[in-house]
Amino acid sequence: MSINIADSIRNYELGIGNDNDANLIPNSSFHIPNCNKPELLAPAGNFEKLQAALIYGADAVYFGGKNFSLRAYGDNFTHEEILQAVEFTHGLGKKIYAAVNVFAHNTDLDALTDYLKFLDAAQVDAVLVSDLGVLSLAKETNLKIHVSTQANVTNFQAAKFFQALGASRIVLARELTREEILDIKQNCSAELEIFIHGAMCISYSGRCWLSKFLTGRDANRGACTHSCRWKYNLVEETRAGEFFPVGEDERGSYVMNSKDLCLLPCLDKVIESGVASLKIEGRMKSVNYVAGVVKVYRAAIDSYFDGDFKIRDEWLDELNKIAHRPYTTGFFLDDGNPTEIYSTSKPARSSEFLGIVCDFDASTMTATIEQRGKFEINQRVEFFQPREKTFSQTITSMHDADGSEILSAPHAQQIVKISVVKPVEIWSLMRS
Ligand code: SF4
């Protein structure tokens, strides 16, 4: 038996077998004076991550096609998948944006023209561009234009200039303080979008030549090798193989290794800055990352507009469970705290993603899991749910898709049925 997760989710969204679905799309009608509820915008590295982002509470998603977005090594979307993604997203009343933020070369232009026409016909809600040539081509379509952070907009004059060129939204550079963002907001009527969570470049996004210089892979064409996070030593040219440390301690030196951005601790100030959209970085990250980060920020934004905002331990626990480097508030608070990590470039995490719940039978209290990581009988696991609270249990019985009893689930995407101690929502993530 094989279970199609997309169909499961679609049924779920349409309310088949679930009484609570009216609550899925957050109530956005409540406003506090002078402060509109911002959009929560999440990365969609592939169709599964797009589903996770929307089901766990994002208002909008952004994706890249097979070409012309700055994630050349991500899964990215075929034309057919883009059509499917637009239908799915619009079916939930949410928005979908296409990243077309490469710096184009002459040889790209014909294919870019065709691609933009396709996105227009597919009815994506906007395209993210950074190259002025791409912006001019997008203007020949009906597409809304968002200026990508790759364009490095750091002042209101630049924002107004892009607005005059036809952009309806500006994604500001990450390197801005709160005061600078407020100043741009006061002086430019275009929508503003800022990053609130995820990995950062050590250079201004889009102005880095490190990867291209060291490996030939161009960050400005979506092929960054993250060379800034490598471990560096000094070599004298006649002493090949002798590495001289340039760091402060025995673990080496990661002089260009940035922490990950996390604006949760100051989300109230972020919201009060009046920006229209709050963006999560991570098209290359896992479905577990997307679901976890989106659920936390969804809850935090909603709690602010419910008049009940305070940082909750469960949010911090969740952000610490997913793979991440030490967190920083970056430039937003302008508090002088270091944004680099000198000890290691490896991200840490405290939970393993084991599978997705694609069906639940309340009569037998059985969850059907599509496997993503190895798990076995007697293992302690937790279920991270789109809306309900996380719960833990021990796996006491496991059966394969044919109903045969099994002791472990070692095969990729194997369908496994396990007994659960509580009702579990479809699209819950099972984790260790
Ligand atoms: S090498 Fe580092 S700083 Fe440069 S583009 Fe890649 S991630 Fe950004």
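Numbers for residues simply follow the sequence, beginning at 1. Just so you know, ligand 1 is whichever comes first in the structure, and atom 1 is the first atom listed for that ligand.
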Is any N, O or S atom of His226 under 2.8 Å away from atom 2 (Fe) of ligand 1?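 Given the 2.8 Å cut-off, His226 does not count as a ligand of atom 2 (Fe) of ligand 1.
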In chain order, what residues pass the ring-ring contact (aromatic ring centres under 6.0 Å, His included) check against Phe332, with sequence neighbours excluded?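 Expected list: none.
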Under the rule for side chain to side chain contact (heavy atoms under 4.5 Å, CB included), what residues qualify as partners of Asn46, not counting sequence neighbours?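 Side chain to side chain contact (heavy atoms under 4.5 Å, CB included) list for Asn46, sorted by chain: Glu48, Lys49, Asp75.
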Proximal ligand 1 atoms for Cys224, defined as those under 4.0 Å from one of its heavy atoms: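 So the answer, numbered in order with elements, is 1 (S), 5 (S), 6 (Fe), 7 (S).
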List ligand 1 atoms under 4.0 Å from Ser227, heavy atoms only on the residue side.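 In order of numbering, the contacting atoms are 1 (S).
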Please determine whether a side-chain nitrogen of the Lys or Arg among Glu318 and Lys295 lies less than 4.0 Å from a carboxylate oxygen of the Asp or Glu.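 Salt bridge: no.
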Note: Glu272-Lys269 ion pair, threshold 4.0 Å (strictly below):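 No salt bridge links Glu272 with Lys269.
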I need the contact type for Cys201 against ligand 1. Using non-hydrogen atoms and a strict under-4.0 Å cut-off, is it side chain, backbone, both or neither?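 For Cys201, backbone and side-chain atoms both sit under 4.0 Å from ligand 1.
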Region of Ala219 that comes within reach of ligand 1 [heavy atoms, distance under 4.0 Å]: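 Side chain only; the backbone of Ala219 stays clear of ligand 1.
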Hydrogens and angles aside, do Ser277 and Glu39 bring a side-chain donor and acceptor to less than 3.5 Å of each other?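 Yes, a side-chain donor-acceptor pair sits under 3.5 Å.
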